[in-house]
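Here's the structure, in structure tokens; my notes come after.
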Amino acid sequence: MRSKKIKVVGGLILDKNKILICQRTEDCDHPLKWEFPGGKTLVDESTEKALIREIREELKINILEYKFLHDYVFEYKNLNKKIHLYFYLITKFSNDIINTIHEQLKWIEIQELSNYDFLEGDYEIIQKIINNDIKIY
């Protein structure tokens, strides 16, 4: 059986050289794993519109400045699920961040990313950031 490909957006939010990470709740898929805020695109929704919508829903902020960083396909073989991940760098936003769905939010230094138990699908972007293959400052 072929796995279905799902489009997912992730926002890498920077503030004062720290990056925002979010921990999933215990009652969802991949409980208590860390991730970047974002989510699935709706039918016929662009990744940019999904990013703006998801970030507003999850964190109650409005994105003012962002740029596309990187995309790739990742397959969760045990779940028979392929996701096409689109990552964006968010450098400016309005309103204060309010946690609406996550267990917790943390601002961390870039070099600390490897200290957290992230979703498997996020490993590639994290390695590229840590190795400085993708510049986020």
Side-chain angles (χ1 to χ4, degrees):
M1 185 166 117
R2 286 185 54 192
S3 57
K4 181 181 162 193
K5 196 185 304 179
I6 302 163
K7 280 188 186 177
V8 174
V9 295
L12 281 65
I13 303 175
L14 288 184
D15 189 32
K16 298 179 185 86
N17 294 333
K18 290 199 172 188
I19 191 165
L20 183 70
I21 62 172
C22 308
Q23 188 179 38
R24 296 172 77 97
T25 59
E26 281 189 75
D27 60 350
C28 67
D29 291 345
H30 315 283
L32 301 178
K33 292 277 189 178
W34 289 89
E35 65 183 350
F36 299 107
K40 297 179 185 96
T41 61
L42 301 175
V43 176
D44 297 326
E45 182 180 43
S46 71
T47 55
E48 290 88 357
K49 281 191 169 45
L51 177 74
I52 291 164
R53 177 185 53 76
E54 285 284 348
I55 297 299
R56 189 178 306 126
E57 287 172 6
E58 290 185 13
L59 303 174
K60 298 296 184 199
I61 60 173
N62 295 311
I63 298 171
L64 301 175
E65 288 179 15
Y66 68 94
K67 73 174 185 177
F68 174 76
L69 275 181
H70 187 60
D71 73 301
Y72 56 87
V73 174
F74 180 81
E75 184 173 5
Y76 286 93
K77 290 185 172 47
N78 57 332
L79 301 175
N80 198 34
K81 179 168 65 171
K82 265 189 197 174
I83 53 175
H84 192 160
L85 292 147
Y86 297 82
F87 290 97
Y88 291 85
L89 179 64
I90 299 168
T91 53
K92 193 171 181 186
F93 57 88
S94 64
N95 302 334
D96 291 330
I97 291 175
I98 297 169
N99 180 9
T100 64
I101 65 163
H102 292 95
E103 186 72 23
Q104 63 177 317
L105 307 178
K106 277 190 181 182
W107 288 101
I108 65 167
E109 302 284 336
I110 299 301
Q111 60 271 22
E112 293 178 275
L113 283 168
S114 57
N115 298 343
Y116 290 85
D117 186 18
F118 271 84
L119 290 169
E120 289 176 65
D122 289 343
Y123 289 165
E124 182 174 328
I125 191 78
I126 289 168
Q127 277 312 123
K128 288 186 178 299
I129 293 167
I130 289 171
N131 295 339
N132 221 16
D133 295 334
I134 292 178
K135 309 258 187 266
I136 61 173
Y137 305 106

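Heads up: numbering here begins at 1 and tracks the sequence.
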Quick test of your reading: applying ring pair (Phe, Tyr, Trp, His ring centres under 6.0 Å), list the pairs with at least one residue in residues 32-61, sequence neighbours left out, ordered by first then second residue. Trp34-Tyr116, Phe36-Phe118

Common cluster, Ile19/Leu105, ILVMFWY with side-chain heavy-atom separation under 4.5 Å: no

Could you tell me whether a side-chain N or O of Arg24 sits under 3.5 Å from a main-chain N or O of His102, the two making a donor and an acceptor? no

Got more than 12 heavy atoms from elsewhere within 6.0 Å of CG, Asn131? yes

May I have the step-by-step check of side chain to side chain contact (heavy atoms under 4.5 Å, CB included) for Gln127 and Leu113, ending in yes or no? CA-CA 9 Å; Gln127 277 312 123; Leu113 283 168; over 6 Å; no

Counting C-beta onward and ignoring hydrogens, is there a side-chain heavy-atom pair between Leu79 and Asp29 closer than 4.5 Å? no

Roughly how far, to the nearest 0.5 Å, is OG of Ser46 from CG of Leu51? 9.5 Å

Whether Tyr76 side chain and Gly121 backbone form a donor-acceptor pair below 3.5 Å: yes

Following the transitive rule for hydrophobic clusters with a side-chain heavy-atom cut-off under 4.5 Å over Ile, Leu, Val, Met, Phe, Trp and Tyr, establish whether Ile13 and Leu89 coincide in one cluster. no

Minimal non-hydrogen separation, Ile55 against Pro37, with atom names: CD1-CB, 3.7 Å

Step by step, would you call Ile125 with Leu85 a side chain to side chain contact (heavy atoms under 4.5 Å, CB included)? CA-CA 9 Å; Ile125 191 78; Leu85 292 147; over 6 Å; no

Going through the distances and angles, do Leu32 and Glu26 end up as a side chain to side chain contact (heavy atoms under 4.5 Å, CB included)? CA-CA 6 Å; Leu32 301 178; Glu26 281 189 75; 3.6 Å; yes

Kindly determine whether Asp117 and Lys33 satisfy side chain to side chain contact (heavy atoms under 4.5 Å, CB included), including the steps that lead there. CA-CA 6 Å; Asp117 186 18; Lys33 292 277 189 178; 3.0 Å; yes

Taking Thr100 for its side chain and Glu58 for its backbone only, find out whether a donor-acceptor pair lies under 3.5 Å. yes

Decide whether Tyr88 and Thr47 meet the rule of one side-chain donor and one side-chain acceptor closer than 3.5 Å. yes

Check for a donor-acceptor pair, side chain of Glu112 on one end and backbone N or O of Glu109 on the other, with a separation under 3.5 Å. yes

Decide yes or no on salt bridge (charged side-chain N to carboxylate O under 4.0 Å, His left out) for Lys81 and Glu75, but give the supporting numbers first. CA-CA 6 Å; Lys81 179 168 65 171; Glu75 184 173 5; over 6 Å; no

Give me the atom names and distance for the closest heavy-atom approach of Ile52 to Ile63. CA-CD1, 4.0 Å

Mind checking whether Arg56 and Ile61 have side chains closer than 4.5 Å, heavy atoms only? no

Check the hydrophobic clustering (I, L, V, M, F, W, Y; side-chain heavy atoms under 4.5 Å; chains of links allowed) and say if Val8 and Leu12 are grouped together. yes

Let me see the working for Arg53 and Glu45 under salt bridge (charged side-chain N to carboxylate O under 4.0 Å, His left out), right down to the final yes or no. CA-CA 10 Å; Arg53 177 185 53 76; Glu45 182 180 43; 2.9 Å; yes

Residues which pass ring-ring contact (aromatic ring centres under 6.0 Å, His included) with His70, listed by chain and number, not counting sequence neighbours: Tyr72

Leu14-Phe93 co-clustered via ILVMFWY side chain contacts under 4.5 Å: no

In Å and rounded to the nearest 0.5 Å, what is the NZ to CD1 distance from Lys92 to Ile90? 14.0 Å

In this structure, would Ile136 and Ile130 fall into the same cluster of hydrophobic residues linked by side-chain contacts under 4.5 Å? yes

Side-chain (Gln104) to main-chain (Gln23) donor-acceptor, under 3.5 angstrom: no

Heavy-atom pair of closest approach, residues Thr41 and Ala50: CG2-CB, 3.5 Å

